[in-house]
Amino acid sequence: MLKLLKRMRGREIAMCLICAVFLLGQIYFDLKLPDFMSELTVLIQTPGSLMADVWITGGKMLLCTMASAVLCIACGYLAAKAASGFTYGVRADLFNHVSALGQQEMLGFSVPSLITRTTNDITQIQMVIAMGLQAIIKSPVMAVWAVFKILGKSWELSAITAGFVVAICVSVTLIVTSVLPRFRVVQRLTDKLNRIVRENLTGIHVVHAFNAEDYQNHKFDKTNTEMKATQLKNQHTFAGLQPIMGLGMNGLSLCIFWVGAALLSAMPAADPAGRLTMFSNVMVFSTYATYVVMSFMMLVMIFMLLPPAEVSAERINQVLDTVPVIQEGTKEDGIESGTVEFKDVTFRYPDAADDDLTEVSFKVNKGETLAIIGATGSGKTTLVSLIARFYDATQGEVLVDGINVKEYTFDALYNKLGYVTQKAVMFSGSVAENVSFGECLKETTTEDIEKAISQAQASEFVSKMEGGIAHRIAQGGRNVSGGQKQRLSIARALARKPEILIFDDSFSALDYRTDAVLRAGLTKELPDTTKVIVAQRISTIRHANQILVLDEGRVVGNGTHEELMQNCAVYREIAKSQLSESELAQ
């Protein structure tokens, strides 16, 4: 928790310091009330006291109460501002850090867990600061100040107060120690619950199609029931704090009055002034002792909020302390233009038993088209992921424009690439915002957007949409079909005007006619752009300058369509499964 609080900015620190000063003022005014009460008691019991003196003392008590209330309101406002400002900064840092993480780190944390850490965990921290900042300063200061106020008045009453304080501290420590491990379990169960809900909502059509509602409900209920049972244990344990604190405060008052009465009875009747002083001391002692116990009651509230917040802080720090495996280079420019080269590249996923790619070598020059084909799981997507540096090669070198991708800055590398993912991803916003991707392409004009849409063969359906390129795309692209999403994703890559275009099986949702027209248009309109195409259909890649055939992560063929039909059995088998006899003859 302290490690996370070091991220607090100067503005929030200043507000916390001002809040602490106001709290000290509030404590001062609160602890002045018993003194005035003692003075009032003496005035009432002293014969010949003037009513004006009573009113003056009462007025001072009223002023102290009002000053304490004003300072309390100011402290609450400052604490809320400091908490919201601090968590705003932490949430921004966490989001930016997660955005900089690679695929390896993302898989290590899991998406549901990262969502929980960015939302629920940070909310826990905000609650502790907003509600606990006052209590964590006020309670110990008030307790110590009150103890100093009552020191020397009566050793008997001081001993009783000390005994009750020790008993309360031991009880609170035992309770907090027992629930802290279970709060970690609750946070893990929250991640699991989020994962189940997210899977259910994402795959709701599959759930309905397979009539698997009961199965999903059972998965949810199992985790939910486990979480409920753990939380009930925590709350049942915490439920004992309030009675303990109530018993301590009331029991302490009872003991003080009982012992105080005994001390008064033991004093000689001939000393009325001494008896009056003792009576006044007992009243003041009772009030100050109550303040001491109330301070510990405020600490109880902190102890109820602190364990889950401590766990949340650990989880947030775990993400923030994670150093991305993929580090940025320093180079901005290459020594060539539009080239991609693999030199004996071998790659293995973290914790995998075998290599996913083994000794892959090839080079594609500017303006050429490289096609990659192979069976499912042969490593096609992995290969193009290495070009975009989603992962780093285990062995060998991946070169873009003659420079190892590890040496580029992220901006320089990604500005050279236009990447179309295997799964078309749409963001909520207009068609234009999706194609230009918001502010990513600041120099992109409306004409550029329309040209990219036309090149991607998306003009046909975009023009029919209400508002054209201003038409709103729903979250996840729910209001467009799979083929439309794929064409808009291609348009997004084209709008970047990159040196190298990478299509990771990006034509699979297109019909044969649209596929052919799109590829012909790319060849004609982008002759100087290097194209890397991952595909399953021979018709999509047969005219490529170079076709790479992968089988279990190894290159088993490299050449043109005609060459591979002659000397690559794997390619020939794929072609025979897709093309007719006449097409094969051609």
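- Put simply, CD1 on Ile538 and NE2 on His561 are 7.0 Å apart, with the number rounded to the nearest 0.5 Å.
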Does the pair Arg7 and Asp93 meet the rule for a salt bridge (charged side-chain N to carboxylate O under 4.0 Å, His left out), with working shown?
CA-CA 10 Å; Arg7 294 178 172 271; Asp93 291 344; 3.6 Å; yes
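- Minimum heavy-atom separation, Val555 to Leu550: CG2-CD2, 3.8 Å.
- Between the OG1 atom of Thr394 and the CG atom of Asp355 there is a distance of 6.5 Å, given to the nearest 0.5 Å.
- Atom CZ of Phe95 sits in a sparse spot, with 12 or fewer heavy atoms from other residues, nucleotides or ligands closer than 6.0 Å.
- Judged by distance alone, the side chain of Arg182 and the main-chain N or O of Gln231 form no donor-acceptor pair under 3.5 Å.
- Counting heavy atoms of neighbouring residues, nucleotides and ligands inside a 6.0 Å radius, atom CZ of Phe427 exceeds 12 of them.
- Residue pairs meeting the side-chain hydrogen bond (donor to acceptor under 3.5 Å, both in side chains) criterion with at least one member in residues 318-328, sequence neighbours excluded: Lys3-Asp321, Arg117-Gln318.
- Here the side chains of Val532 and Ile372 are in contact, with some heavy-atom distance below 4.5 Å.
- Between Ser385 and Tyr419, some side-chain heavy-atom pair lies under the 4.5 Å cut-off.
- A perpendicular orientation is assigned to the rings of Tyr349 and Phe347, their planes being inclined by more than 60° (bins at 30° and 60°).
- Atom-to-atom distance recorded for Gln457:CD and Arg513:CZ is 7.5 Å, nearest 0.5 angstrom.
- Minimum heavy-atom separation, Ser459 to Ser454: OG-CA, 3.1 Å.
- Between Asp121 and Ile125 the shortest side-chain heavy-atom distance does not fall below 4.5 Å.
- Take Glu499 and apply the salt bridge (Lys or Arg N to Asp or Glu O under 4.0 Å) test, not counting sequence neighbours, and it matches Lys416.
- Thr339 pairs by the side chain to side chain contact (heavy atoms under 4.5 Å, CB included) definition with Glu336, Lys363, Asn365, Asp401, not counting sequence neighbours.
- The closest side-chain heavy-atom distance from Asp448 to Lys497 is below 4.5 Å.
- Across all non-hydrogen atoms, the minimal contact from Ile387 to Val398 is CA-CG1, 4.1 Å.
- At a threshold of 4.5 Å between non-hydrogen side-chain atoms, the residues Met426 and Ser489 count as touching.
- Counting non-hydrogen atoms of neighbouring residues, nucleotides and ligands closer than 6.0 angstrom, the CD atom of Glu552 reaches no more than 12 such neighbours.
- In this structure, the separation between OG1 on Thr529 and CD1 on Ile500 is 9.5 Å, given to the nearest 0.5 Å.
- Inter-residue side-chain proximity for Val207 and Tyr215 is flagged as unmet; no heavy-atom pair is nearer than 4.5 Å.
- Judged by distance alone, with hydrogens and angles left aside, the side-chain atoms of Asn200 form no donor-acceptor pair with the main-chain N or O of Ile196 at under 3.5 Å.
- At distances below 3.5 Å, not a single donor-acceptor pair connects side-chain atoms of Asn558 with backbone N or O atoms of Leu548.
- Under the 3.5 Å distance criterion, the side-chain polar atoms of Ser84 are matched with a main-chain donor or acceptor of Lys81.
- Side-chain atoms of Asn479 come within 3.5 Å of backbone atoms of Ala474 as a donor-acceptor pair (strictly under, hydrogens ignored).
- When the shell of 6.0 Å around CZ of Arg348 is examined, it contains more than 12 heavy atoms from other residues, nucleotides or ligands.
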Does the pair Ile326 and Phe390 meet the rule for a side chain to side chain contact (heavy atoms under 4.5 Å, CB included), with working shown?
CA-CA 8 Å; Ile326 298 177; Phe390 296 153; 5.8 Å; no
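- Asn545 and Thr560 make their closest contact through O-CG2, 3.6 Å (heavy atoms, listed as atom of the first residue, atom of the second, distance).
- Side-chain atoms of Arg496 and Phe437, non-hydrogen and from C-beta on, never get closer than 4.5 Å to each other.
- Here the straight-line distance linking atom CD1 of Ile547 with atom CD1 of Ile541 works out to 4.5 Å at 0.5 Å rounding.
- At distances below 3.5 Å, at least one donor-acceptor pair connects side-chain atoms of Lys380 with backbone N or O atoms of Ala375.
- Every residue was checked against the salt bridge (Lys or Arg N to Asp or Glu O under 4.0 Å) condition with Glu332, not counting sequence neighbours, and none meets it.
- Side chains of Pro324 and Leu101 form a contact here, defined as non-hydrogen atoms less than 4.5 Å apart.
- Remark: Lys576 does not engage Glu573 in a salt bridge, criterion side-chain N to carboxylate O under 4.0 Å.
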CA sep, side-chain torsions, deciding dist, call: Asp505, Gln536, side chain to side chain contact (heavy atoms under 4.5 Å, CB included)
CA-CA 7 Å; Asp505 201 10; Gln536 299 283 359; 4.0 Å; yes
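- By the 6.0 Å contact criterion, CD on Glu359 is open, its count of non-hydrogen atoms from other residues, nucleotides or ligands being 12 or less.
- Remark: Ile373 CD1 to Arg537 CZ distance equals 11.0 Å, nearest 0.5 Å.
- Nearest heavy-atom pair, Leu357 versus Gly379, reported as atom, atom and distance to 0.1 Å: CD2-O, 3.6 Å.
- Crowding of Glu525 atom CD: a count of heavy atoms from other residues, nucleotides or ligands under 6.0 Å exceeding 12.
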Determine whether Leu494 and Leu526 satisfy the following criterion, side chain to side chain contact (heavy atoms under 4.5 Å, CB included), listing intermediate values before the conclusion.
CA-CA 10 Å; Leu494 295 175; Leu526 302 173; 3.6 Å; yes
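- No side-chain donor-acceptor contact under 3.5 Å links Thr514 to the backbone of Asp511.
- The pair Asp191-Arg195 does not meet the salt-bridge criterion, since no charged nitrogen lies less than 4.0 angstrom from a carboxylate oxygen.
- Looking at Arg472, its side chain never comes within 3.5 Å of a backbone N or O of Ser428 through a donor-acceptor pair.
- Within the structure, the salt bridge (charged side-chain N to carboxylate O under 4.0 Å, His left out) test picks out the following pairs touching residues 203-229 (sequence neighbours left out): Glu199-Lys219.
- Among Ile403, Asp333, Thr330, the one residue that satisfies the side chain to side chain contact (heavy atoms under 4.5 Å, CB included) test with Tyr408 is Ile403.
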Output, in order, the C-alpha distance, side-chain angles, deciding distance and verdict of side chain to side chain donor-acceptor pair (under 3.5 Å) for Thr116 and Asn194.
CA-CA 8 Å; Thr116 305; Asn194 283 343; 2.5 Å; yes
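- For Phe342, the ring pair (Phe, Tyr, Trp, His ring centres under 6.0 Å) partners at least two apart in sequence or on another chain are Phe362.
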Hey, mind stepping through His471 and Lys464 against side chain to side chain contact (heavy atoms under 4.5 Å, CB included) and telling me if it holds?
CA-CA 10 Å; His471 181 78; Lys464 296 177 182 178; over 6 Å; no
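- A donor-acceptor pair under 3.5 Å links the side-chain atoms of Ser506 to the main chain of Asp504, judged by distance alone.
- Summarising the geometry of Ala393 relative to Val345, their closest heavy-atom pair is CB-CG1, 3.8 Å, with the distance given to 0.1 Å.
- A donor and an acceptor atom, one from each side chain of Ser361 and Asp344, are located under 3.5 Å apart.
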